[in-house]
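Take a look at the structure below.
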Amino acid sequence: MTKKLNKLFLYLFLISIFFFKIPNFYIIPFFKSAFVTSQALARILLVLVLCFQLIEYFFSRKRIVLNKDSKLIVNLVLLFFVIQSLTVFIVINLTAFLNRYKDVLISLIAFFVFFFYKKHLHKIVLVLLLSVIVNFFYQSLIIFYQDFFVKYLSGFIYQKHVDLVIAKLQDGKIYADIYDEIILPLLFVFPFVGKKSINNLSFYGFFIIISAFSFLSNIRTRLLMLFVSFIGSILFFKKIGFKKIFIVTLSVLLLSFLINNIMRYYAGYSFLDRLIFEDKISGVAPTNYRLVQIKDAIEMGKASLLGVGLGNYYDNLNKRNNIFINKSQLIASQGAQEFVHNIFGAVLAESGYITLFVFIIILYLFVRRDAFLLKKGSDYEKAFIISFWSLFFYGLFNPTVPVSYQIMFWGIRGLLL
């Protein structure tokens with residue numbers, strides 16, 4: 001009976017990962033409530049799995065064995081969470097706090113649940129690969145069948161996500177909130193089933209899909225994740241072999257060249273234009289605005305020992321006058337202003353300098369742990385290390401508040417304890 005229960009909750013855990021890694025959709029399409037979405041279900045499943053694991057460990061009296069560094073990491077992560085919880089006493093917008101706090105809480109739960117299932121890395125990677133397939137069709141619809149997506153499919157997707165997707169389309173970008181680029185290192189270690197030819201076909205198929213949509217997205221930070229994942233894989237996987245490195249490198253170069261020309265022909269712009277800041281408004285302005293946000297975060301961090309409180313960055317912001325032509329521009333602007341586009345700035349503004357100091361120590365311990373694992377760890381652990389830091393680099397230039405980001409960020413660290 002215990003084996004069956006363990007298997008059941010393992011599958012519930014894997015289902016929750018899958019739902020967090022694909023776009024959030026309504027379980028009942030004609031009942032648009034945030035409480036009946038795929039990610040809401042994933043949260044419930046994750047909580048149930050944690051409860052089961054705690055009960056099992058309590059009754060079985062199993063000991064959780066952690067080394068000195070891992071114990072310190074766990075204690076500091078708990079301290080980090082406790083301090084963030086205390087910000088409830090200084091917020092001016094309690095609703096905004098609760099909206100952020102539920103994501104912080106579920107990411108903490110993910111940290112421990114992922115740790116409990118770190119022996120099932122193969123199954124976790126398999127689920128992540130399945131999510132790439134779903135995301136492939138989803139992004140294809142956005143790019144190639146925009147009218148169909150807006151008129152028909154958008155009714156099934158969580159409304160806030162759809163609003164952002166449409167707003168970004170007006171700016172020539174493909175927003176998906178899926179972070180598929182961090183899966184690229186896992187391709188190098190996942191044992192695809194079948195003959196060698198099928199194995200290679202599967203590897204290059206996933207590789208091309210992930211790379212192609214990074215270029216097609218026209219989002220620079222997705223390309224940054226792709227670059228970190230790609231270079232990290234080449235540097236740390238010594239067994240790849242020159243032939244595979246040559247083929248994947250050539251594939252990326254040819255793919256980028258092809259997509260660049262196709263985008264310029266059909267859309268009049270490409271990801272390369274974004275990289276070289278061809279358009280000063282859409283290229284330089286976002287970079288400057290990120291610097292302004294960091295300055296705002298530095299000031300808000302001084303507001304109290306706990307900053308301004310979780311979710312209260314926007315409420316403490318001196319709103320800047322903007323003129324909007326349409327609803328999409330308004331949504332895009334609110335999305336840009338609502339959260340700090342930097343992981344350190346977000347912690348500083350919403351939790352203060354003490355919390356930022358704790359977070360920096362946690363990252364230092366991550367680096368020390370990863371240095372050890374890159375020498376002594378398994379290939380899966382090395383791949384997840386590259387995935388994590390790829391995700392971290394994304395967080396240096398984007399809001400880290402989406403629950404899908406938080407789950408993967410803290411979940412991967414749970415796997416690497």
For this session: Determine, step by step, whether F25 and F156 satisfy the ring pair (Phe, Tyr, Trp, His ring centres under 6.0 Å) criterion, reporting the C-alpha distance in whole Å, the side-chain angles of both residues, the deciding distance to 0.1 Å, and the verdict.
Result: CA-CA 6 Å; F25 63 89; F156 296 86; 9.2 Å; no
Problem set entry | Lys NZ or Arg CZ of R413 over F388 ring: under 6.0 Å, within 45° | yes
For this session: May I ask you to check whether S229 and E181 show a side-chain donor-acceptor distance below 3.5 Å?
Result: no
For this session: Could you tell me whether the side chains of N93 and N312 share a donor-acceptor contact shorter than 3.5 Å?
Result: no
Exercise. Using a distance-only test with no angle check, is there a side-chain donor-acceptor pair under 3.5 angstrom linking H341 and Y289?
Worked result: no
Exercise. Have S85 and Y101 got a donor and an acceptor in their side chains that come within less than 3.5 Å?
Worked result: yes
Problem set entry | Test item: side-chain donor near acceptor, N24 and Y26, under 3.5 Å | no
For this session: Indicate, with yes or no, if the rings of F190 and H122 have centres closer together than 6.0 Å.
Result: yes
Exercise. Given the side-chain rings of F339 and Y313, with only the six-membered ring counted for Trp, is the space between their centroids under 6.0 Å?
Worked result: no
For this session: Would you please say whether a donor-acceptor pair under 3.5 Å links the side chains of S351 and T87?
Result: no
For this session: Determine, for F13 and K123, whether the Lys NZ or Arg CZ falls below 6.0 Å from the six-membered ring centre while staying within 45 degrees of the axis.
Result: no
Exercise. Quick one: do the Q39 and Y158 side chains pair a donor with an acceptor below 3.5 Å?
Worked result: no
Problem set entry | Between Y138 and F149, ring centroids under 6.0 Å | yes
For this session: Check for a donor-acceptor pair, side chain of E381 on one end and backbone N or O of L415 on the other, with a separation under 3.5 Å.
Result: no
For this session: Verify whether the ring centers belonging to F116 and Y57 lie closer than 6.0 Å.
Result: yes
Problem set entry | N135 side chain to K21 backbone, donor-acceptor under 3.5 Å | yes
